[in-house]
Protein chains: 2
Amino acid sequence: MLHDPAQLDLMFQALADPARRQMVDRLSRGPASVSQLAEPLAMSLSAVVQHLNVLEASGLVRTEKLGRVRTCRIEPQALRAAEHWINERRLAWERRLDRLGDFLAETKDES
Amino acid sequence: MLHDPAQLDLMFQALADPARRQMVDRLSRGPASVSQLAEPLAMSLSAVVQHLNVLEASGLVRTEKLGRVRTCRIEPQALRAAEHWINERRLAWERRLDRLGDFLAETKDES
DNA sequence: GCAATACTGAAGTGATCACTTAACTATTGC
DNA sequence: GCAATAGTTAAGTGATCACTTCAGTATTGC
C-alpha cells in the first residue's frame, strides 16, 4: 500500500510546495503543534492548516489532537517510499551505464 | 548548486506530475526521443514537449538535438539531490527516535 | 464563567497548471 | 524537390492551487 501510485502521487505533490517542505523539515527535528509549524511561515494559520491537511492526506505526516492542541509528526515510512521511487530510477540508470561501460571495455579488448 | 533551494523546488514540482514521473521512469531504462517518450502517454505530442521542458528546466533530464530528433536522458545527479533531501529529513527523525529510545532505556536502568 | 488560546471551515480570488488545437519550422528519405 | 517525419510555438480553456478573510468551535487558565 506504500507503493500505491495514487499515494505516491499525493506524496510528491505534497513535497512540491516549499512551505510544505519547510514544515516537513521542521518536523524532522521533532513533533510540533500547528502554531509551532506556522510560526516561521509568512502566512495565515488557516493556510498552514490547509498545507498540513495536504501533508496528512499524503501520509507524510500524522497528527493527533489532545485537548485543543494538534500535534504533528513525520511518518518516516512514507518518506522512505518517495525516496525509494527516486532511488530505483536512478539505480536503474546507473546500472545501465555500468553495463554499457562493461560492454565497451569488452569490445575494446576484442579489437 | 545542486542543493540550491530553487532548483530543489523545480525538481519536486517536476516529480509531482504522474505523466512526468512516467517519463522519468521510461528514461531510467535508457535514452529516448520525444516521440518515444510520448508513445505510452494518452496526450498530444505538444503536451509531452511541455512536460519535457519542465523536466529539463528542473535539471532532472538533459536533452540533445541531432538533426530533427531530440534525445532525452536522465540526469542522475539531480535525482540524487531530491533523494538526498528526503533522506536527510528521514534520518534526522530516525536518529531522534534512537536517542529517545536510548534515553528511555537509560532512565529505566536507573530506576 | 469569561477571556485567551488553538485551531477549523467556508467562501472567494488571482495565479498557475495541464492540457488542447492549429499553424509552423527544420530534417530526412526517396 | 517534395512528402513524410519530428518537433516547436502560441493562444486559449477549464481545473486546481495557494492563499486570504472572516466567522466559527472547543479547550484551558484564572
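Order of the sequence lines fixes the chain letters, A, B, ..., with proteins taken first and strands second; residue numbering starts at 1 for each chain. The figures that follow rest on heavy atoms only: side chains count, while hydrogens, waters and symmetry mates do not.
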Between the protein and nucleotides 14-17 of chain D, which nitrogen or oxygen pairs are less than 3.5 angstrom apart?
residue, atom, partner, partner atom, Å
D:dC17, OP1, A:Q13, OE1, 3.3

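- Atom pair A:N53:CG and D:dC19:P shows a separation of 14 Å (rounding to whole Å applied).
- Note: the hydrophobic cluster containing A:M23 also contains A:M43 (ILVMFWY, side chain heavy atoms under 4.5 Å, direct or indirect links).
- Of the possible donor and acceptor atoms, one in the side chain of A:R20 sits under 3.5 Å from a partner among the backbone N and O of A:A14.
- Atom CZ of A:R95 sits about 11.5 Å away from atom CZ of B:R29, to the nearest 0.5 Å.
- Scanning residues 57-70 of chain A for heavy-atom distances under 4.0 Å to DNA chain C yields A:K65, A:R68, A:V69, A:R70.
- Distance CD (B:Q36) to P (D:dT5): 15 Å, rounded to an integer number of Å.
- Cluster membership for A:L60 and A:V34, using ILVMFWY side-chain heavy atoms within less than 4.5 angstrom, is shared.
- For the side-chain contact (heavy atoms from CB on, under 4.5 Å) criterion with A:H51, the lone passing option out of A:L41, A:L37, A:V61, A:D17 is A:D17.
- Nucleotide D:dA18 holds its P atom 12 Å from the CG atom of A:L15, rounded to whole Å.
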> Would A:R73 and A:E64 count as a side chain to side chain contact (heavy atoms under 4.5 Å, CB included) if you check the C-alpha gap in whole Å, the side-chain angles of each, and the deciding distance to 0.1 Å?
Replying inline: CA-CA 9 Å; A:R73 62 195 75 239; A:E64 187 182 9; 3.9 Å; yes

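- The closest side-chain heavy-atom distance from B:Q50 to B:S46 is below 4.5 Å.
- Taking both residues in full, the closest heavy atoms of B:P31 and B:R26 are given as O-NH2, 3.6 Å, listed atom of the first, atom of the second, then distance.
- In terms of heavy atoms, A:V24 sits closest to A:I74 at O-CD1, 3.4 Å.
- The hydrophobic clustering, which links ILVMFWY residues whose side-chain heavy atoms are closer than 4.5 Å, places B:V54 and B:L8 apart.
- The stretch residues 37-51 of chain B comes close to DNA chain C through B:M43, B:S44, B:S46, B:A47, B:Q50, B:H51, each having a heavy atom under 4.0 Å from the strand.
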